[in-house]
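Protein chains get the first letters and strands the later ones, always in sequence-line order, with residue 1 at the start of each.
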Number of protein chains: 2
Amino acid sequence: MSTPSENSATLAKRLIDSGLRPTAQREVVFKVILEKRDHPTADEIFARVKSQMPTISLATVYNCLETLVQCQLIRQVNLERAPTRYCPNLHQHAHFHDETTGQIHDIDLPIELMAQLHDVLPAGFNASSIELTFRGDAAGTAQPTVAADCAPTLTSPHGTN
Amino acid sequence: MSTPSENSATLAKRLIDSGLRPTAQREVVFKVILEKRDHPTADEIFARVKSQMPTISLATVYNCLETLVQCQLIRQVNLERAPTRYCPNLHQHAHFHDETTGQIHDIDLPIELMAQLHDVLPAGFNASSIELTFRGDAAGTAQPTVAADCAPTLTSPHGTN
DNA sequence: AAAAGGATTTAGAATTGTTCTAAATCCTTG
DNA sequence: CAAGGATTTAGAACAATTCTAAATCCTTTT
């Protein structure tokens with residue numbers, strides 16, 4: 001499941017459904033984010049995309065990212081005030097920010113924990129989203145973990161493929 | 001407990017313990033943050049402080065805030081990429097960001113929940129801090145809640161008064 | 001096919017929050 | 001009181017992002 005061409009098709013469908021066009025720029029930005037699931041910044045994405053499409057501009061990368069976020073194909077991850085990072089993992093998950101390596105790891109959240117989180121809110125507080133970030137050290141997590149933790153998401157979140 | 005003069009004394013002690021000087025600027029910045037516990041931004045703090053000390057500069061406000069954070073007298077709160085906010089509540093707590101009013105509410109976190117949060121981490125992940133943010137709507141929370149939720153913190157976190 | 005018309009891309013300017021710089025000022029102490 | 005370091009200050013610099021306006025690209029419509 002989720003071969004490059006399937007992802008591309010999903011992207012096209014999602015865009016068209018929103019009245020937007022599946023352009024080469026949007027495709028390559030999306031592809032680059034799926035390729036290496038390491039929570040890249042806009043600058044990093046720009047660099048990776050430029051190697052395949054040297055004429056693309058940074059503004060376009062920002063535009064595409066915004067579009068992809070709006071179409072719910074990727075998510076923004078903000079840690080402190082560092083540059084925004086982008087993540088194709090759409091599952092409910094937390095982030096672990098390794099302070100020594102700078103790496104970001106996705107952490108799966110059990111559904112029952114989500115329920116408990118909602119329960120700490122006093123009456124009248126209605127949360128539409130929850131953001132959970134851990135900061136610390138990840139022992140023996142030299143490189144792999146990110147790709148391992150981050151499931152290959154994106155295959156018909158609503159069964160519409 | 002925690003009258004203005006006590007807070008001022010605590011501030012002075014904490015600064016001196018860190019080899020820093022208790023200056024008028026640091027005192028007024030700290031006082032202003034304690035006065036109205038609404039998670040102000042640096043700009044807002046600057047405005048409030050200027051009414052009492054018209055000659056202070058924005059750079060000094062930033063300097064003082066950094067110092068207070070380092071001395072563990074206040075905390076930074078970052079939501080999305082919006083300007084950093086400052087919070088004198090040092091208790092373990094989450095934030096609820098009301099999307100309609102823009103208000104930020106402090107949410108107490110039971111200790112057992114904190115333990116459960118740590119438990120979701122796979123082996124090897126060692127979190128030194130956890131950040132939890134809710135986003136949504138807070139019904140019937142026109143203004144008060146912030147002050148109500150936010151305990152008057154700061155009275156000898158280590159019994160050293 | 002040509003033209004119209006809107007969407008998209010682009011380069012560069014503008015914005016914003018924050019940090020840096022260097023000079024002035026302020027303690028504290030010898 | 002003089003020296004010396006800490007602090008403050010104004011303004012410049014910076015970095016990430018957004019805005020602007022013109023160019024380009026598609027998709028229709030004719």
Side-chain angles (χ1 to χ4, degrees), chain A residues 11-12 14-32 39-50 52-71 73-86 102 104, chain B residues 11-32 39-50 52-71 73-87 102 104:
Chain A
L11 167 62
R14 212 63 88 74
L15 288 169
I16 291 168
D17 285 353
S18 304
L20 302 170
R21 294 177 188 165
T23 66
Q25 287 85 344
R26 282 166 182 166
E27 289 215 358
V28 69
V29 166
F30 188 44
K31 180 157 78 76
V32 143
H39 305 85
T41 63
D43 265 341
E44 286 163 353
I45 293 165
F46 181 44
R48 294 176 198 177
V49 163
K50 249 200 309 206
Q52 298 177 50
M53 183 185 271
T55 59
I56 200 170
S57 77
L58 179 58
T60 299
V61 169
Y62 273 105
N63 289 341
C64 292
L65 289 171
E66 198 195 337
T67 301
L68 294 175
V69 167
Q70 277 165 356
C71 291
L73 290 160
I74 61 172
R75 261 202 223 156
Q76 292 185 309
V77 179
N78 287 301
L79 299 179
E80 315 281 294
R81 288 187 55 76
T84 297
R85 295 174 174 279
Y86 296 86
I104 295 166
Chain B
L11 167 62
K13 185 171 190 321
R14 211 64 88 76
L15 288 169
I16 290 167
D17 285 353
S18 305
L20 301 170
R21 294 178 187 165
T23 67
Q25 287 85 344
R26 284 166 181 166
E27 290 215 357
V28 69
V29 166
F30 188 45
K31 181 157 77 77
V32 143
H39 305 85
T41 63
D43 266 341
E44 286 163 354
I45 292 166
F46 181 42
R48 293 176 198 178
V49 163
K50 248 200 309 206
Q52 297 178 52
M53 184 185 271
T55 59
I56 201 171
S57 77
L58 178 58
T60 299
V61 169
Y62 273 104
N63 289 341
C64 292
L65 289 171
E66 198 195 336
T67 300
L68 295 175
V69 167
Q70 278 166 356
C71 291
L73 290 160
I74 61 172
R75 260 201 224 157
Q76 292 185 309
V77 180
N78 287 300
L79 300 179
E80 315 281 294
R81 289 189 54 76
T84 298
R85 294 175 173 279
Y86 297 86
C87 172
I104 295 166

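The shortest distance between the side-chain N/O atoms of Thr23(A) and the OP1/OP2 oxygens of dC25(D) is not below 4.0 Å. Considering only side-chain N and O atoms, Arg81(B) lies nowhere under 4.0 angstrom from the phosphate OP1 or OP2 of dG17(C). When the side-chain nitrogen and oxygen atoms of Arg21(A) are compared with OP1 and OP2 of dC25(D), none of them lie within a distance under 4.0 Å. Note on Gln25(B): a side-chain N or O is less than 4.0 Å away from OP1 or OP2 of dT9(D).
If you take CZ of Arg26(A) and C1' of dT8(C), they are 7 Å apart, rounded to a whole angstrom. Summarising the geometry, the separation between CD on Glu80(B) and C1' on dA16(D) is reported as 15 Å, rounded to the nearest angstrom. Rounded to whole Å, atom C1' of dT8(D) lies 16 Å from atom OH of Tyr62(B). Across the protein-nucleic acid pair, Leu79(B) atom CG and dG17(C) atom P stand 14 Å apart, rounded to whole Å. One atom, CD1 of Ile16(A), and another, P of dA7(C), lie 15 Å apart when rounded to the nearest Å. Between the CE atom of Met53(A) and the P atom of dC25(D) there is a distance of 12 Å, rounded to whole Å. Protein atom CG of Leu20(B) is 10 Å distant from nucleotide atom P of dT8(D), rounded to whole Å. Between Lys50(B) atom NZ and dT8(D) atom C1' the separation is 15 Å, expressed in whole Å.
When heavy atoms are screened at a 4.0 angstrom cut-off, Thr41(A) is found touching no nucleic acid atom at all. Contact annotation for Thr60(A): base contact, defined as any heavy-atom pair under 4.0 Å involving a base atom. Using a 4.0 Å heavy-atom criterion, one finds that Thr84(A) contacts the sugar-phosphate atoms exclusively.
To the nearest 0.5 Å, atom CG of residue Asn63(B) and atom OG of residue Ser57(B) are 7.5 Å apart.
For Cys64(A), counting side-chain heavy atoms from C-beta on, the closest listed nucleotide (dT9(C), dA11(C), dT17(D)) is dT9(C).
Considering only heavy atoms from C-beta on, Arg48(B) comes within 4.5 Å of Pro40(B) through its side chain. At least one side-chain heavy atom of Glu44(B) sits less than 4.5 Å from a side-chain heavy atom of Thr41(B).
Arg85(B) places no side-chain N or O within 3.5 Å of a backbone atom of Gln76(B) that could act as its donor or acceptor partner. In this structure, Arg81(B) contributes its side chain and Ala82(A) its backbone to a donor-acceptor pair below 3.5 Å.
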